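Working notes, beginning with the structure itself.
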Amino acid sequence: METLSKRVKELRIKNNYTQKYVFIKIGTTEKTYRYIENGKAIPKIPTLLAIADLYGVSVDYLLGRTDRPEVLK
């Protein structure tokens, strides 16, 4: 979960997005998003997919299963 929260936060900062922008774009609440970013919650699958889609990275990258962010097709 530490890798997930770290990568979610790093991607948000790298893209110059505010937390508000992200939680609106991925369709969750402010509280839920902050918990994800702070490592206090694991996102549900639809939210995890929305985060991956927003940043154009793979779910495996978000979860720390790979260090390659690109989506394999």
Side-chain angles (χ1 to χ4, degrees):
M1 193 160 61
E2 182 180 327
T3 301
L4 172 67
S5 61
K6 179 181 174 187
R7 289 191 172 172
V8 167
K9 186 172 184 175
E10 286 174 352
L11 287 165
R12 179 180 61 79
I13 292 168
K14 179 181 175 184
N15 286 277
N16 294 314
Y17 293 160
T18 62
Q19 287 185 336
K20 182 177 183 177
Y21 176 82
V22 174
F23 75 73
I24 289 170
K25 290 296 273 185
I26 65 173
T28 192
T29 66
E30 178 179 10
K31 181 179 178 181
T32 297
Y33 181 75
R34 287 181 192 257
Y35 275 24
I36 293 167
E37 198 171 282
N38 291 322
K40 296 180 181 178
I42 298 172
K44 294 181 180 180
I45 292 172
T47 303
L48 187 61
L49 293 171
I51 294 168
D53 289 346
L54 176 65
Y55 295 116
V57 300
S58 69
V59 171
D60 283 342
Y61 175 75
L62 292 176
L63 296 175
R65 293 173 43 112
T66 182
D67 289 330
R68 298 181 64 186
E70 52 278 331
V71 177
L72 302 177
K73 295 186 180 191

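If you're wondering where the values come from, they're calculated on a predicted model, not measured in any experiment.
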Completion exercise
Rounded to the nearest 0.5 angstrom, the CD1-CZ distance for Ile36 and Phe23 is 12.0 Å
Problem - By side-chain hydrogen bond (donor to acceptor under 3.5 Å, both in side chains) - contacts of Thr29 (at least two apart) - result: Thr32
Handout entry: Residues forming a side chain to side chain contact (heavy atoms under 4.5 Å, CB included) with Thr66, sequence neighbours excluded
Key = Ser58, Asp60, Tyr61, Arg68
Exercise for the section: Any salt bridge (charged side-chain N to carboxylate O under 4.0 Å, His left out) involving residues 26-35? Give me the pairs, sequence neighbours left out, ordered by first then second residue. Expected result: Glu30-Arg34
Practice task
Could you pull out the closest heavy-atom pair between Leu54 and Lys25, with the gap in Å?
Solution key: CD1-CB, 4.2 Å
Handout entry: Asp67: partners by side-chain hydrogen bond (donor to acceptor under 3.5 Å, both in side chains), with sequence neighbours left out
Key = Arg7
Exercise for the section: Mind checking side chain to side chain contact (heavy atoms under 4.5 Å, CB included) for Leu49 and listing every partner two or more places apart, or none if nothing turns up? Expected result: Ile45, Val59
Fill in the blank from the handout: Heavy-atom nearest pair, Leu48 first then Leu4, reads CD1-CD1, 3.9 Å
Exercise for the section: Please lay out, stage by stage, how Asn15 and Val22 fare under the test side chain to side chain contact (heavy atoms under 4.5 Å, CB included). Expected result: CA-CA 10 Å; Asn15 286 277; Val22 174; over 6 Å; no
Handout entry: Separation between CD1 of Ile42 and OG1 of Thr47, rounded to the nearest 0.5 Å
Key = 12.5 Å
Handout entry: Listed partners of Tyr35 passing ring pair (Phe, Tyr, Trp, His ring centres under 6.0 Å), at least two apart
Key = none
Problem - Residue pairs involving residues 41-55 (criterion salt bridge (charged side-chain N to carboxylate O under 4.0 Å, His left out); sequence neighbours excluded) - result: none
Handout entry: Results of salt bridge (Lys or Arg N to Asp or Glu O under 4.0 Å) for Glu10 - residues two or more places apart only
Key = none
Fill in the blank from the handout: dist Asn38:CG -> Tyr33:OH (nearest 0.5 Å) comes out at 9.5 Å
Problem - Where Ser5 and Gly39 come nearest, the two heavy atoms and their spacing - result: CB-N, 3.5 Å
Practice task
State which residues pass side chain to side chain contact (heavy atoms under 4.5 Å, CB included) with Lys14; sequence neighbours excluded, sorted by chain then number.
Solution key: none
Practice task
Considering non-hydrogen atoms only, spot the tightest contact between Ile51 and Ile26 and give its length.
Solution key: CG1-CD1, 3.7 Å
Fill in the blank from the handout: Sorted by chain and number, sequence neighbours left out, ring pair (Phe, Tyr, Trp, His ring centres under 6.0 Å) with Tyr55 holds for Tyr17
